[in-house]
Chemist: 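Below you'll find the structure I mean.
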Amino acid sequence: MDHSTEILEPDAECRLCPRLVEFRDRNRQLNPAWHNAPVPAFGCSNAELLIVGLAPGLRGANLTGRPFTGDYAGALLFATLSKFNFAVGNYGATADDSLRLVNCRITNAVRCVPPENKPTGPETTTCRSFLVSEVAGMTRLKVILALGGLAHGAVLATLDERKSAFKFRHGTWHRLSNGLILADSYHCSRYNTNTRKLTELMFHEVFERITEFLPT
Ligand code: URA
């Protein structure tokens, strides 16, 4: 039974961040068939695992409307989720493929695509209300996996934790005051994988530990 409470999603016409709205309006003109709106979370709200990414990629999640879907980073993320049984079906890089998440939900710290993939501090802060609602509404939540330092910081701020008490470090698990675990991984971005800052093996090790804790 799903005991989760309702989770607040940004409206498709959300206008909280002027720079992101301007970018969105431009993208709507250039590519009217794309999603070009805040990207809602993917997966069930009664999941025990929440994965927090950075923000939608221009030609990925911003096009398809599903986090990481069509983005370079999504290829490694969804293959890994399938390998560790957090996903079933086939990833086809579109929101209407047959991929379904199992006991896992994916969201982004910032819901709208930012220019050059870089959200500003104020944009991250403004968008945090959605992450706050997300975490509060996931009543069975046990582990939050932060992909990268920005997501890590957004999760800490969401839970009113001091940043200085929990430094971002790939492969680290932090036990937060409310009992939740915050697991850190380098982001599975093109840059990090091409430079081998994050290898497939390193990413798999992160998920191995998660499955030990949350058997699938
Ligand atoms: N796509 C997303 O949705 N989030 C990221 O962090 C990267 C790509």
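Starting from 1, each residue takes its place in the sequence as its number. In each ligand, atom 1 is the first atom listed, and ligand 1 is the first ligand listed.
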Chemist: I'd like to know if R19 pairs up with E116 as an ion pair, taking the criterion as any Lys NZ or Arg NE/NH1/NH2 lying under 4.0 Å from an Asp or Glu carboxylate oxygen.
Modeler: no

Chemist: Is any side-chain N of the basic residue among K83 and E200 closer than 4.0 Å to the acidic one's carboxylate O?
Modeler: no

Chemist: Taking non-hydrogen atoms within less than 4.0 Å of ligand 1, which protein residues qualify?
Modeler: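 Within 4.0 Å of ligand 1, protein side: G53, L54, A55, P56, G57, A61, P67, F68, D71, N108, H187.
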
Chemist: Does T64 use its side chain to pair, donor to acceptor, with the backbone of T69 at less than 3.5 Å?
Modeler: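 A pair under 3.5 Å: yes.
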
Chemist: Assigning hydrophobic clusters by single linkage (Ile, Leu, Val, Met, Phe, Trp, Tyr; side-chain heavy-atom cutoff under 4.5 Å), is L198 placed with W173?
Modeler: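 Linked, L198 and W173 end up in one cluster.
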
Chemist: Are F68 and H187 an aromatic pair by the rule of ring centers under 6.0 Å?
Modeler: yes

Chemist: Under the ring pair (Phe, Tyr, Trp, His ring centres under 6.0 Å) test, which residues partner H174, sequence neighbours left out?
Modeler: H152, F166

